[in-house]
Amino acid sequence: MEYWLMKCEPTAYSIADLQRDKTTSWEGVRNYQARNFMRNTMKAGDMALFYHSNAEPSGVAGVMKIVKAGYPDHFAFKPDHKYFDARSTSEKPLWYMVDVAFVARFAEILPLQQIKEEPRLKGIMVAQKGSRLSVQPLSEDHFKVICELAGVRKLP
DNA sequence: GCCAACGTTGGC
DNA sequence: GCCAACGTTGGC
């Protein structure tokens, strides 16, 4: 099983929205590196941190689970959709998405600042300068440390 | 809102 | 294949 960190601006979709919806599709990723992770590596059963970017404060907001591995992002096929991309077709899809399910919502956002200050999280990708990748792999240790810092003792 | 860092595009 | 121009991300 792999662990991930996935970013989203909470003004677009937040952990509260996922808590309400229970599951959602994670569409609109338009970066090749992130796409490769979703298409090639991510599997149902993997765990992921939900990261609020461009937020006050930015940081990890909760935990989710991958419930469907990578499949073609069909929003890219819809000409009127903001995620439309004419280069992507159902015969040769360019972009991929996954489905995720709500697992836990942190009582408080774990701010990026705190992640940077924690020695056990040294080297974590999200804390690196200029890290813009919206789907990042995460070590099991880092995943557990973040849950512990957020006060999540046992995941359901 | 600013802007640094990064990714993508396209002329050559 | 180089690289300047442009667009986007995301912390602050």
Side-chain angles (χ1 to χ4, degrees), chain A residues 2-21 24-42 46-66 70-100 102-139 141-143 145-152:
Chain A
E2 309 283 341
Y3 294 86
W4 307 94
L5 180 145
M6 299 171 78
K7 297 180 186 175
C8 188
E9 301 198 10
T11 50
Y13 195 84
S14 71
I15 189 72
D17 295 321
L18 181 59
Q19 186 173 31
R20 178 200 62 215
D21 296 343
T24 191
S25 55
W26 202 271
E27 70 273 13
V29 173
R30 294 292 179 267
N31 170 282
Y32 288 105
Q33 209 179 340
R35 181 214 53 191
N36 292 345
F37 282 131
M38 293 201 298
R39 187 187 60 184
N40 305 341
T41 318
M42 218 177 252
D46 287 359
M47 302 295 286
L49 298 174
F50 192 136
Y51 183 88
H52 282 184
S53 59
N54 259 316
E56 197 51 57
S58 292
V60 180
V63 180
M64 53 196 181
K65 180 183 288 218
I66 311 304
Y71 61 104
D73 184 341
H74 53 260
F75 293 92
F77 308 150
K78 300 184 170 70
D80 294 334
H81 200 274
K82 63 172 172 170
Y83 292 139
F84 175 68
D85 186 338
R87 298 172 301 167
S88 188
T89 64
S90 49
E91 290 76 29
K92 287 190 87 174
L94 185 59
W95 304 115
Y96 283 71
M97 59 205 259
V98 298
D99 289 351
V100 300
F102 176 84
V103 172
R105 179 180 179 176
F106 292 167
E108 291 177 356
I109 303 285
L110 184 74
L112 178 62
Q113 186 57 41
Q114 202 175 336
I115 292 171
K116 288 178 173 171
E117 288 167 356
E118 170 57 50
R120 289 175 294 167
L121 296 177
K122 197 166 163 42
I124 192 171
M125 196 181 286
V126 75
Q128 263 147 46
K129 192 170 85 164
S131 161
R132 292 174 17 179
L133 194 58
S134 62
V135 177
Q136 309 182 353
L138 189 72
S139 76
D141 284 347
H142 286 168
F143 177 86
V145 168
I146 284 175
C147 289
E148 179 199 313
L149 291 174
V152 175

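Chain letters run A, B, ... following the sequence lines, proteins first and then strands; every chain starts at 1. Computation of the quantities below employed the complete heavy-atom set of this structure, encompassing side-chain atoms and omitting hydrogens, waters and symmetry-equivalent molecules.
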Looking at residues at least two apart in the chain, or sitting in another chain, which of them share a ring-ring contact (aromatic ring centres under 6.0 Å, His included) with [X]?
X: His52(A); result: Phe50(A)
X: Tyr71(A); result: none
X: His74(A); result: none

Nearest-nucleotide comparison on DNA chain B, the residue closer to the 5′ end among Asn54(A) and Ser131(A) =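 Nearer the 5' end of the strand: Asn54(A).
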
Closest-nucleotide 5' rank along DNA chain B - winner of Arg87(A) and Gly130(A) =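 This one resolves to Gly130(A).
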
Provide the start and end nucleotides, 5' to 3', of the part of DNA chain C that has atoms under 4.0 Å from heavy atoms of chain A.
->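 On DNA chain C, the outermost contacted nucleotides are dG7(C) to dC12(C).
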
Below 3.5 Å, can you tabulate the donor-acceptor pairs from side chains in residues 3-11 of chain A to any protein atom, sequence neighbours excluded?
from: Trp4(A); atom 1: NE1; to: Asp46(A); atom 2: OD2; distance (Å): 3.0
from: Lys7(A); atom 1: NZ; to: Ser131(A); atom 2: O; distance (Å): 3.0
from: Lys7(A); atom 1: NZ; to: Leu133(A); atom 2: O; distance (Å): 3.4
from: Glu9(A); atom 1: OE2; to: Asn54(A); atom 2: ND2; distance (Å): 3.0

Any salt bridge (charged side-chain N to carboxylate O under 4.0 Å, His left out) pairs touching residues 80-90 of chain A, not counting sequence neighbours?
->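 Pairs touching residues 80-90 of chain A that pass the test: Asp85(A)-Arg87(A).
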
